[in-house]
2 protein chains.
Amino acid sequence: MKLKDLAQHLGLSQTTVSRALNGYPEVNEETRRRVLDAARRHGYQPNANARRLATGRASAIGIVLPTDRNMLLDPHYMEFQAGLGETLLRDEIDIVLSPSRGGDETANYQRMAVGSRVDGVILSSPLIADERVRLLTELGLPFILHGRTESDIPHAWIDIDNEGAFRHATKHLLDLGHRRIGLINGESRFTFARDREIGFRSALAARGITPEEDFIAGGVMSDEVGYRIAERFLAERPRPTALLVSSMMMSLGAFRAIRAAGLELGRDVSMIAHDDVFPFLNPDVMVPTMSTTRSSIRAAGKRVGELLMEIVGGRAPETIHELWPVELVIRASTGPAPAD
Amino acid sequence: MKLKDLAQHLGLSQTTVSRALNGYPEVNEETRRRVLDAARRHGYQPNANARRLATGRASAIGIVLPTDRNMLLDPHYMEFQAGLGETLLRDEIDIVLSPSRGGDETANYQRMAVGSRVDGVILSSPLIADERVRLLTELGLPFILHGRTESDIPHAWIDIDNEGAFRHATKHLLDLGHRRIGLINGESRFTFARDREIGFRSALAARGITPEEDFIAGGVMSDEVGYRIAERFLAERPRPTALLVSSMMMSLGAFRAIRAAGLELGRDVSMIAHDDVFPFLNPDVMVPTMSTTRSSIRAAGKRVGELLMEIVGGRAPETIHELWPVELVIRASTGPAPAD
DNA sequence: GAACCTATTCAAAGCGCTTTCAAATCCTGT
DNA sequence: ACAGGATTTGAAAGCGCTTTGAATAGGTTC
């Protein structure tokens with residue numbers, strides 16, 4: 001059933017039917033009712049591609065998934081997508097995935113931009129100086145950054161306060177008497193990891209403590225890497241009495257390393273991990289319960305979707321900068337520093 | 001730059017240029033070279049939506065993500081998508097995500113089918129009697145099932161041998177002398193979970209052992225649920241000496257429960273977990289290393305993409321049934337049953 | 001009653017591509 | 001030199017929708 005058929009059936013022109021369906025005002029209310037009614041009865045749905053061609057709008061947003069950077073492999077993306085969906089589906093916006101191999105993301109973005117496959121894209125996990133901002137600006141493809149990057153080019157971003165989160169977490173550990181604190185971070189090329197390290201260092205500096213460089217490390221945010229780094233930290237003498245960890249996945253590994261070293265979490269070693277709020281990894285049911293800096297990545301996904309649609313709708317990207325505060329939730333994995 | 005411009009620039013008709021670009025044979029080789037050359041120089045890329053409208057092919061496949069079923073929240077989807085991308089990106093096929101809330105997936109599928117938004121869809125995590133097979137058949141939307149379901153309607157599927165995998169794993173534990181084996185399964189409404197239970201039971205039955213119903217449980221495949229079930233099992237007297245677990249995530253929780261009960265994995269309690277091969281959760285680096293039934297979900301995603309494109313291309317779905325064997329990898333988490 | 005609004009509808013022209021059908025050109029064999 | 005076939009190109013008709021510009025009908029105004 002196409003528009004033409006529906007129009008014929010109603011004895012109206014395509015024009016009027018189209019207008020009635022799309023809510024244009026210059027249509028008699030009675031006519032509109034008839035049209036909407038008939039459309040529902042016949043299960044009419046416009047051909048998405050015809051509409052796209054006619055309007056020039058893709059009604060879709062894109063995400064490039066780097067399938068070889070370990071990035072995508074973790075659950076963060078999934079949660080983020082779920083959040084995105086909450087916004088976009090309501091407005092009949094499609095989410096187009098463009099998995100990219102071999103670090104050749106440029107091609108993916110180009111492809112999306114040129115064929116008018118999508119109206120805009122979402123940039124996740126930005127590097128400290130991320131080329132994609134320039135690339136997309138040149139391509140003229142609207143975008144929003146989830147995270148931040150250094151760039152002269154004005155652009156939209158939304159980020160959590162990674163620096164503040166880790167500053168507060170560090171400060172909390174200091175207040176508990178900890179002096180040797182290990183930082184198990186994400187990969188240092190990502191802005192969020194840099195910001196967390198800055199927050200960590202600044203809290204130490206505020207107390208006149210010089211951080212031990214051996215107690216700062218980062219890597220892919222996996223269970224495995226968490227284990228390895230924690231194992232290394234705990235083998236040092238004197239060893240750290242507290243760990244600050246960039247993800248719950250890593251904290252699982254770190255926890256194992258603590259056990260493996262014959263130590264007890266929350267007593268011998270304290271730990272605070274960053275929690276992106278995965279439904280399948282709940283810090284409240286861990287044993288012991290895990291102290292966290294918490295910010296829902298799903299909520300972020302939802303908001304990112306909203307904002308991108310605003311940009312596509314004409315809002316100036318440079319007016320969009322949101323920095324979300326991060327909550328520090330103290331649970332049982334943190335305790336006073338043990339006596340030396 | 002559109003086709004018309006390019007044609008004008010070359011002094012050719014749109015027809016010829018279009019044919020040259022799309023590899024039709026009835027075009028002079030020299031002309032084709034000129035066209036391809038000019039297209040590259042001008043960075044010409046056809047408008048995706050115009051092409052879609054003209055050909056009637058969407059060059060896209062769809063995935064409905066149930067955002068409220070806990071399903072999607074786990075990392076399986078992500079790995080699967082990565083695999084999909086390996087196939088589809090090569091052929092310029094888009095992956096369209098359709099997140100669905102409130103269990104109203106029907107609407108999502110309908111939407112994809114009618115607007116010719118996608119050429120076909122992928123069905124993941126089928127229930128034992130999954131309505132979607134009938135729905136999609138009626139909608140006339142090509143699809144492939146990743147997993148199996150009971151249905152009179154002939155359809156394409158690809159699945160791993162869940163039953164065989166768990167039968168072998170159980171048999172291996174029996175060979176090690178274990179008699180009380182706990183099954184920590186996925187949610188029982190899913191076919192894969194049922195099949196695993198069948199495999200488990202049949203291995204026991206083959207030795208004349210009646211399974212203890214209290215040692216069979218299932219739930220969302222999360223760390224948390226793994227912990228809870230294992231904790232419950234281990235509180236029983238006599239307790240199981242081995243656990244068979246449906247996912248690595250659950251096995252993490254189960255492992256914690258074993259430690260919490262003051263037991264040692266691989267000595268007091270053996271464990272075999274199903275490993276979908278996540279790059280961030282490597283059974284080889286766990287302590288102790290984890291015995292697994294292994295089958296890469298990413299490889300499955302890749303194959304599913306290939307097969308779906310074959311179906312879209314005209315291959316009869318009922319000719320597509322692939323059952324993949326599952327490897328049993330014995331590592332340190334399994335050992336002989338302790339004396340009673 | 002003529003001129004002028006306003007509200008409502010429609011015919012037709014795109015959107016940028018593919019594809020059918022016809023035409024033009026070039027060979028080949030006789 | 002010419003019919004007949006193969007090769008190569010092009011004009012034009014869609015694909016199903018939106019949107020412009022024009023037309024019609026029904027008041028209003030002076």
Side-chain angles (χ1 to χ4, degrees), chain A residues 1-36 38-39 42-60 92 94 111-119 313, chain B residues 1-36 38-39 42-60 92-94 111-119 312-313:
Chain A
M1 161 78 56
K2 13 188 237 182
L3 186 60
K4 196 174 168 185
D5 302 333
L6 189 61
Q8 223 147 35
H9 180 82
L10 283 161
L12 289 169
S13 71
Q14 292 190 42
T15 312
T16 302
V17 176
S18 169
R19 280 179 176 145
L21 292 173
N22 291 309
Y24 281 72
E26 66 271 42
V27 134
N28 187 302
E29 271 315 312
E30 147 110 43
T31 310
R32 187 193 304 280
R33 216 171 312 116
R34 271 181 60 219
V35 171
L36 288 175
H42 292 77
Y44 169 76
Q45 277 204 269
N47 179 299
N49 297 318
R51 163 178 272 170
R52 284 173 182 158
L53 181 58
T55 59
R57 268 174 285 114
S59 301
E92 298 262 294
D94 284 341
R111 187 162 150 276
M112 296 200 145
V114 181
S116 93
R117 298 175 117 86
V118 300
D119 297 319
Chain B
M1 160 78 56
K2 14 189 236 181
L3 186 60
K4 196 173 168 187
D5 302 333
L6 189 62
Q8 222 146 37
H9 180 83
L10 283 161
L12 288 169
S13 71
Q14 293 190 43
T15 311
T16 304
V17 176
S18 170
R19 278 175 178 146
L21 291 173
N22 291 309
Y24 281 73
E26 65 270 43
V27 118
N28 187 300
E29 270 317 310
E30 147 109 43
T31 308
R32 187 193 304 278
R33 215 170 315 115
R34 271 181 59 220
V35 171
L36 288 174
H42 292 77
Y44 169 76
Q45 277 204 271
N47 179 299
N49 297 319
R51 164 178 272 171
R52 285 173 181 156
L53 181 58
T55 60
R57 271 174 285 113
S59 301
E92 298 261 292
I93 307 291
D94 284 341
R111 187 163 150 275
M112 295 200 145
V114 181
S116 92
R117 298 176 118 86
V118 300
D119 297 319
V312 170

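Per chain, numbering begins at 1; letters A, B, ... match sequence-line order.
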Whole-Å distance between [N] [atom2] and [X] [atom1]?
{"X": "B/Arg34", "N": "D/dT8", "atom1": "CZ", "atom2": "P", "result": "14 Å"}
{"X": "A/Leu12", "N": "C/dA7", "atom1": "CG", "atom2": "P", "result": "19 Å"}
{"X": "A/Glu30", "N": "C/dA7", "atom1": "CD", "atom2": "P", "result": "18 Å"}
{"X": "A/Arg57", "N": "C/dG16", "atom1": "CZ", "atom2": "P", "result": "15 Å"}
{"X": "B/Leu21", "N": "C/dT19", "atom1": "CG", "atom2": "C1'", "result": "15 Å"}
{"X": "B/Leu3", "N": "D/dG14", "atom1": "CG", "atom2": "P", "result": "19 Å"}
{"X": "A/Arg32", "N": "C/dA7", "atom1": "CZ", "atom2": "P", "result": "14 Å"}
{"X": "B/Glu26", "N": "D/dT9", "atom1": "CD", "atom2": "P", "result": "10 Å"}

When you get a sec, tell me which of [options] is the closest nucleotide to the side chain of [X]?
{"X": "A/Arg19", "options": "D/dT18, D/dT20, C/dG16", "value": "D/dT20"}
{"X": "B/Leu53", "options": "D/dC15, D/dT18, D/dT8", "value": "D/dC15"}
{"X": "A/Thr16", "options": "D/dT18, C/dT18, C/dT9", "value": "C/dT9"}
{"X": "A/Arg51", "options": "D/dG14, D/dT9, D/dC17", "value": "D/dC17"}
{"X": "A/Ala54", "options": "C/dG14, C/dG16, C/dC10", "value": "C/dG14"}
{"X": "A/Thr55", "options": "C/dA11, D/dT18, D/dG16", "value": "D/dT18"}
{"X": "B/Gln14", "options": "C/dC10, D/dT19, C/dT18", "value": "C/dT18"}
{"X": "B/Thr31", "options": "D/dT8, C/dT9, D/dT18", "value": "D/dT8"}

Is a donor on one side and an acceptor on the other found under 3.5 Å between the side chain of [X] and the backbone of [Y]?
{"X": "A/Asp5", "Y": "A/Met1", "value": "no"}
{"X": "B/Arg52", "Y": "B/Arg117", "value": "no"}
{"X": "A/Asn28", "Y": "A/Glu30", "value": "yes"}
{"X": "A/Asp119", "Y": "A/Ala58", "value": "yes"}

Self-check item: B/Ala50 vs B/Gly11, nearer the 5' end of DNA chain D by closest nucleotide
Solution: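 The residue closer to the strand's 5' end, by nearest nucleotide, is B/Gly11.
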
Would you say [N] has OP1 or OP2 under 4.0 Å from some side-chain N or O of [X]?
{"X": "A/Lys2", "N": "D/dG16", "result": "yes"}
{"X": "A/Asn28", "N": "C/dT8", "result": "yes"}
{"X": "A/Ser13", "N": "C/dA11", "result": "no"}
{"X": "A/Tyr24", "N": "D/dT19", "result": "yes"}
{"X": "A/Tyr44", "N": "D/dC17", "result": "yes"}

Self-check item: Straight-line distance of A/Arg19 CZ to A/Leu21 CG, nearest 0.5 Å
Solution: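 Reported value, rounded in 0.5 Å steps: 12.5 Å.
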
Self-check item: Gap separating the CD atom of B/Gln45 from the CG atom of B/Leu3, nearest 0.5 angstrom
Solution: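 Nearest 0.5 Å value for the CD-CG distance: 13.5 Å.
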
Categorize [X] for me: base, sugar-phosphate, or nothing, with a 4.0 angstrom heavy-atom threshold over every strand shown.
{"X": "B/Thr15", "result": "base"}
{"X": "A/Asn22", "result": "sugar-phosphate"}
{"X": "A/Arg52", "result": "nothing"}

